[in-house]
Amino acid sequence: MKRLEIPTPLSYNECYPRDEKSMDIEKVKAQVCHEVEARRPQLNELSLKIHSNPELGFEESKAAAWLTQYLKENGFSIEKGIHDLPTAFRGSYGKGKPAIAILAEYDALPKLGHACGHNIIAASAVGAGIACKPAIDRLGGSILVIGTPAEELYGGKAIMAERGAFDHVDIAMMTHPGSHDTATIQALACQTLEVEFFGRAVHAAARPEKGVNALEAMLQSFTAINSMRQHIKDRARIHGIITDGGEAANIVPAHSAGVFIIRAEDNAYLDELKQKVANCFLGAAAATGAHLEYRWGDIVYAPMRNNLTLAKLFQKNMQSLGRKIKLADPRSGFGSTDMGNVSQLVPSIHPMVAIAPEEMEVHSPQFASLAASDAGSKGLFDAAKALAMTVADLVGNPETVARIKEEFQRGK
Ligand SMILES: [Zn+2]
Ligand SMILES: [Zn+2]
């Protein structure tokens with residue numbers, strides 16, 4: 001009896017010979033760029049509307065409504081208030097694998113408004129998601145535009161990561177406006193610390209010997225931390241402010257308070273540094289007799305793990321738009337971002353897109369103006385195009401996705 005031969009299905013590479021396949025992806029890339037171009041007015045309007053209605057973390061109800069509305073009008077299915085966060089959302093298009101997430105931030109800063117340019121992040125994420133629909137239709141996969149609130153103040157992505165928002169995501173990407181074009185960033189692990197000292201108030205001249213000076217305890221803590229600073233690792237950072245230093249110069253301060261931020265290159269060194277910093281406060285309490293109370297912030301920002309395979313794809317796509325984008329200079333400055341927490345779970349990138357001159361810093365009033373300027377719009381459109389082109393690369397090349405995942409696993 002003749003055995004029935006079941007033919008194995010042809011792989012993508014067999015269906016599409018190499019050249020034809022890459023030509024196909026190039027055509028799709030041209031198409032996704034065209035999709036962004038076609039939506040310039042709407043994307044710009046979305047960005048400017050968010051910019052002129054700044055909302056603080058977890059209060060971004062207008063921005064979330066505008067963004068989800070636009071996604072819905074463009075064929076995305078929408079889930080609002082995901083993971084018990086009223087201003088978080090997920091827009092989905094397609095059902096296949098890989099599932100690629102583009103993350104949107106849309107929170108503003110107290111007093112400064114959109115001085116971090118999150119209005120541009122939001123509009124470019126939504127624009128990229130919509131523009132890459134032809135890539136999903138033609139090459140498969142699915143695209144998720146995930147709205148992640150409260151980056152600045154509460155680490156929304158860290159909370160969402162803990163609650164499983166990225167469990168079924170294969171790759172996560174976002175862009176952030178800045179003063180350089182870089183495909184990678186350096187972001188440190190980070191945690192905040194609130195400190196209070198309680199002393200005893202007396203007349204500062206009449207009976208100083210009866211007082212316990214809570215301000216002196218705080219000042220000694222600063223001195224101890226500054227002494228320690230010369231013996232900590234290069235990239236670690238400790239910085240703080242005094243939020244209460246007493247009532248009047250003729251009263252020995254009975255209360256002092258401060259807020260500190262401790263940052264390190266990895267979580268292990270962050271833990272070590274936290275203990276050393278706590279010892280500075282404990283020592284100051286012992287020296288002055290003030291009572292110490294301190295609380296670590298709930299959110300630990302994880303360091304950013306840049307996926308280099310993914311970053312280089314994005315870099316190439318940005319270069320095709322005429323931007324001289326590099327990988328981040330190891331000597332350049334570094335902060336922290338809740339995208340670090342996402343990057344610990346799935347292969348991720350957080351490239352910076354220049355909308356400002358090199359010397360200008362985010363979180364300044366000047367940067368807030370640029371976030372609503374022509375340079376800001378150009379950054380928005382370029383970011384949307386490069387993200388959408390990178391999605392085309394990913395859904396068109398299963399082997400590239402495999403390499404990205406391999407790199408991620410190797411770095412674990
Ligand atoms: Zn910021
Ligand atoms: Zn930001």
Side-chain angles (χ1 to χ4, degrees), residues 46-48 50-51 53-60 63-64 67 87-88 102-126 128 145-161 172-192 237 239 241 259 261 263 297 299 301-304 306 328 332-343 348-356 359-373 375-376 379-380 382-384 387:
L46 206 48
S47 167
L48 295 179
I50 296 171
H51 188 275
N53 289 275
E55 299 167 295
L56 295 180
F58 293 135
E59 296 171 9
E60 316 97 323
L67 295 165
T87 54
I102 299 179
L103 275 45
E105 296 175 359
Y106 32 90
D107 58 324
L109 286 159
K111 297 193 179 128
L112 288 173
H114 276 289
C116 209
H118 292 187
N119 56 307
I120 292 174
I121 302 179
S124 59
V126 163
V145 178
I146 303 183
T148 61
E151 191 277 332
E152 295 287 358
L153 301 179
Y154 306 108
K157 288 183 209 63
I159 299 170
M160 291 176 76
M173 306 191 282
M174 63 172 286
T175 58
H176 196 299
S179 48
H180 293 88
D181 283 309
T182 61
T184 55
I185 56 157
Q186 306 183 76
L188 301 171
C190 161
Q191 197 166 4
T192 57
R237 297 282 186 269
H239 37 100
I241 57 166
V259 183
I261 301 177
R263 303 182 204 248
I299 302 294
Y301 286 76
M304 181 73 198
N306 297 285
S332 67
F334 28 82
S336 303
T337 167
D338 58 9
M339 189 62 182
N341 299 60
V342 180
S343 76
S348 302
I349 49 166
H350 179 294
M352 301 299 289
V353 179
I355 66 160
E359 64 283 0
M360 191 176 291
E361 295 296 331
V362 294
H363 291 205
S364 64
Q366 295 82 356
F367 198 88
S369 309
L370 278 169
S373 69
L380 187 177
D382 285 352
L387 284 169

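We count ligands from 1, going down the list as the structure has it; atoms in each ligand are counted the same way.
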Quiz item: Is the backbone N or O of G113 less than 3.5 Å from a side-chain atom of H51, with the two atoms forming a donor-acceptor pair by type?
Solution: no
Quiz item: Just by modelled atom types, is the L188 backbone N or O under 3.5 Å from a matching donor or acceptor in the S336 side chain?
Solution: yes
Quiz item: Is the Zn ion (ligand 1) less than 2.8 Å from at least one N/O/S atom of H118?
Solution: no
Practice problem: Angle at the Zn ion (ligand 2): provide the value between SG of C116 and NE2 of H176, rounding to 10 degrees. | Solution: 100°
Exercise. Please confirm whether the backbone N or O of G155 pairs with a side-chain atom of Y301, one donor and one acceptor, at under 3.5 Å?
Key: yes
Self-check item: Donor-acceptor contact below 3.5 Å, side chain T182 vs main chain I185
Solution: no
Exercise. With the Zn ion (ligand 1) at the centre, find the angle made by NE2 from H363 and OE1 from E152, to 10°.
Key: 90°
